[in-house]
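Taking it in order: structure first as structure tokens, then the write-up.
Start at 1 and go down the list; that is how both ligands and their atoms are numbered. When reading the values below, keep in mind they use all heavy atoms of this one structure, side chains included, and skip hydrogens, waters and symmetry mates. Numbering of residues begins at 1 and proceeds along the displayed sequence.
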Amino acid sequence: MPLQTPEITKREVISAGGTLSLIDGLIHDAGHAVSEASKEYGWYNVSTLKEPYRIEGKKTMGYEIFEQYGFHLPNVILYPTGGGVGLIGIYKAFLELKTLGWIANDATLPRLVAVQSETCAPIVKAYEQRKSHADVWENAETIAFGINVPKAIGDFLVLEAIYETNGCALAVSDEELLAEQKQVAEREGNWICPEGGATFAAAKKLRQSGWIQEDEHVLCLNTGMGIKYPDTVTYHDEDYLKHSLTIKHD
Ligand SMILES: Cc1ncc(COP(=O)(O)O)c(C=O)c1O
């Protein structure tokens, strides 16, 4: 995994008795290293879209959305997009719902929105230029580590899912996604991950621009726990240190 991977994720590997190898680069550099090593050692490469099953696993999000909406679908789904397998999988699930006859063949599917960081937004750039493939994003860096993917191997599939559902791709800044992460914690008591915060920030922007209408059902997908990124919240003990605490009762 990349050197900049969150500390807790590295510790999880050690805890599970795995072998931790750190690459001084980003996720696609780690993917390249694994590809080379698999050739050398005869490993089976389970990197994104190099094996057939991860998309099938992520696809279940689409079925769960359908089930949890009472066998209906929302109008808009926002997903924090890195490699894009989640979005590709959700779209695949919806096409299967049609094939199964669980929804009408001509049913309007939810508009799928790929949310990225302003400092790593290859899919957004390709969408804005109506391209079918994305270019490599140079100097990618964002606090939302899971979407720090400068080149997605399945970029054309992500873009197809967006175009076919009349969706869009949108970038938000790290400041915006952190503000949403904080607001969700304050209002919902749920410490979501920065990637999840990005979808809330994007929903707000799309509502303000009118792309999302007032009466539409909108789903923001949170893909992880904030507790894995404790450094997104900073504080200094000195600011909070009290020698005594008096609680006044009326
Ligand atoms: C927390 C989190 N959110 C989103 C993503 C992006 O997922 P996808 O590859 O399906 O776009 C990742 C990828 O690792 C992630 O760790």
Item to check | Worked verdict on E195 versus Y229 for side-chain hydrogen bond (donor to acceptor under 3.5 Å, both in side chains) | outcome: CA-CA 11 Å; E195 295 83 353; Y229 307 71; 2.8 Å; yes
Polar contact flag for [X] and ligand 1 (N/O pairs, less than 3.5 Å):
X	result
I147	no
T81	no
T223	yes
G86	yes
L87	no
G224	no

Numbered atoms of ligand 1 (with element) below 4.0 Å of [X], judged on heavy atoms:
X	result
K58	7 (O), 8 (P), 9 (O), 10 (O)
P80	4 (C), 6 (C), 11 (O)
Y229	1 (C)

Heavy atom of the protein closest to [atom] (residue, atom name, distance):
atom	value
atom 8 (P) of ligand 1	G84 N, 3.4 Å
atom 9 (O) of ligand 1	G83 N, 3.2 Å
atom 15 (C) of ligand 1	G146 CA, 3.6 Å

Item to check | Over 12 non-hydrogen atoms of neighbours within 6.0 angstrom of NZ in K125 | outcome: no
Next on the checklist: Can you confirm whether more than 12 heavy atoms, excluding those of E51, are under 6.0 Å from its CD atom?
Outcome noted: yes
Item to check | 4.5 Å side-chain heavy-atom contact, L219 and P74 | outcome: yes
Checklist entry - Would you call E216-R111 a salt bridge at under 4.0 Å N-O? => result yes
Checklist entry - If you measure from the Lys or Arg side-chain nitrogens to the Asp or Glu carboxylate oxygens, is any gap between E7 and K228 under 4.0 Å? => result no
Item to check | salt bridge (Lys or Arg N to Asp or Glu O under 4.0 Å) between K205 and E176, worked out | outcome: CA-CA 10 Å; K205 283 187 165 183; E176 286 169 328; 3.2 Å; yes
Item to check | Residue-ligand contact Y79/ligand 1, heavy atom below 4.0 Å | outcome: yes
Checklist entry - Can you check salt bridge (Lys or Arg N to Asp or Glu O under 4.0 Å) on K59 and E56, steps first, answer last? => result CA-CA 5 Å; K59 184 184 80 181; E56 295 302 306; 2.7 Å; yes
Next on the checklist: Out of the candidates V115, V172, I192, only one should pair with L177 under the side-chain contact (heavy atoms from CB on, under 4.5 Å) rule; please name it.
Outcome noted: V172
